[in-house]
S.K.: 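Dumping the structure here so I can ask a few things about it.
Atoms within each ligand, like the ligands themselves, are counted from 1 in listed order. We use all heavy atoms of the structure for the numbers below, so side chains are in, but hydrogens, waters and symmetry mates are not.
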Amino acid sequence: MSGDVKTATPSNQEHGQRTTPDGIKLPIYMDNHATTPMDPRVLEEMLPYFMEKFGNAASRNHPFGWAAEEAVELSRERIAKLIGATAKEIIFTSGATESDNLAIKGVAEMYREKGNHIITQVTEHKAILDTCKRLEKYGFEVTYLPVAKDGRIDLDDLRRAITAKTILITIMYANNEIGVVQPIQEIGKIAKEKGILFHSDGVQAAGKIPVDVQRDNLDMISLTAHKLYGPKGCGALYVRRRNPRVQLSAQIDGGGHERGMRSGTLNVPGIVGFGKAAELCQNEMATESVRLSGLRDRLKDAVFAKLDEVYINGSMEHRLPHNINISFAFVEGESLLMGINDVAVSSGSACTSATLEPSYVLKALGVGEDLAHTSIRFGLGRFNTPEEVDYVTNRVIEVVQRLRELSPLYEMAKEGIDLSKMNWGASAGH
Ligand SMILES: *Cc1c(COP(=O)(O)O)cnc(C)c1O
């Protein structure tokens, strides 16, 4: 069985697979912030736990249970090691959405006597923002810090927002749209000084850049396997055990698994895969991040060499190595995406998402509606080859050039007409 696994690579056999004359398989997946394909080595490690080693990790009386428990504990260690924690501090969940909910609601409920104020920021994932919104309904007060044009919060804003009632600061490690890394170490220092618990949604950072809960003074961090080449439906929350010992009110009651913080029979195969994925990331992060940032920069440099009126969204300095988010002025967002429909990427535009609004993340950065609609998030990953990156780069350049040839606005801008001074009438915009 495992012999076959070695040859399995992330496949794109459905959804109109084609191969270019140069042997590149289409469509190309470059949306690794949404999810990552599983690493074949992860699948191989998981397989026995679906069949031969099917035991319940909570079964204490027989070898089936012991084998499962042993595997779970190995995963706990591997995941802990990736973030500088100890195994006992890892609580398994169904994913980062649940981890975010457990961290925020668990603190809110447990520390209610101490205060009712929570600080977060505007470009968080919905798992954070919607959880905070719900708590507001129950009488909690939430401060949503703004971000600067580079996508980062201002530490002075944070200091000013802290009150005697503040019980939690939750700021994401790195953003899922623009890849911007927040000043986590500095935030951790402030939280520690003030004796306030500090949680971070670390989904996009863990396994991609060094995360260390000691160095960063993190009390909690949310993780998920499927953003680091592991399986879907398996996440974790790191919960600090000393200095301070963090206590959380369980949000799912039951058999008292996971130190009573998260009941429910453990997803053993998922956890085994998560552990293996974490170990692989730990071992390969240094070389992988250099390789991917090299490819990312090659894409960016080529785009900027061939096209004008292109804009990077978010800080270039404080950014994940495998992310770039670019807006292309004077093209129509939908046409751009159609033009590169053999490449799987995400856009800050309405056309690809469930809502009809431009991305709230880009909006928070002050990106105008038009540029938000023409933004593309390139999320490179472990299985992208240089040939694929070059293909995507050329394709994007080609399509933007073609669309601009048809654009009267682009013509006018090139002729030096100041478009911002023109009167567009009531129907201007997108
Ligand atoms: C994907 C993602 C989540 C949600 O994780 P799931 O495991 O899919 O629930 C939360 N936060 C961020 C930043 C993410 O990118």
S.K.: Indicate whether the side chain of His257 and that of Thr265 have a donor and an acceptor atom separated by less than 3.5 Å.
M.R.: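 Side chains of His257 and Thr265: no pair found under 3.5 Å.
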
S.K.: Verify whether one side chain among Lys232 and Thr35 offers a donor that lies under 3.5 Å from an acceptor in the other.
M.R.: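 Yes, because at least one side-chain N or O of Lys232 sits under 3.5 Å from a partner of the opposite role on Thr35.
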
S.K.: So, the side chain of Asn384 versus the backbone of Tyr29: is there a donor-acceptor pair under 3.5 Å, distance only?
M.R.: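 A pair under 3.5 Å: yes.
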
S.K.: Write 'none' if nothing qualifies; otherwise put on separate lines each N/O atom of ligand 1 with a protein N/O atom under 3.5 Å away and their distance to 0.1 Å.
M.R.:
residue  : atom   : partner : partner atom : Å
ligand 1 : 7 (O)  : Ala96   : N            : 2.9
ligand 1 : 7 (O)  : Thr224  : OG1          : 2.7
ligand 1 : 8 (O)  : His226  : NE2          : 2.8
ligand 1 : 9 (O)  : Thr97   : N            : 3.0
ligand 1 : 9 (O)  : Thr97   : OG1          : 2.6
ligand 1 : 11 (N) : Asp201  : OD1          : 3.4
ligand 1 : 11 (N) : Asp201  : OD2          : 2.6
ligand 1 : 15 (O) : Gln204  : NE2          : 2.7
ligand 1 : 15 (O) : Lys227  : NZ           : 2.7

S.K.: Answer with yes or no whether the side chains of Ser346 and Arg377 bring together a donor and an acceptor at under 3.5 Å.
M.R.: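 Yes.
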
S.K.: Tell me if a side-chain donor or acceptor on Arg298 pairs with a main-chain N or O of Asp390 at a distance below 3.5 Å.
M.R.: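 Side chain of Arg298 to backbone of Asp390: no pair is present.
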
S.K.: Please determine, by modelled atom types, if Glu98 and Gln251 share a side-chain donor-acceptor pair under 3.5 angstrom.
M.R.: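 Not at all, the side chains of Glu98 and Gln251 share no donor-acceptor pair under 3.5 Å.
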
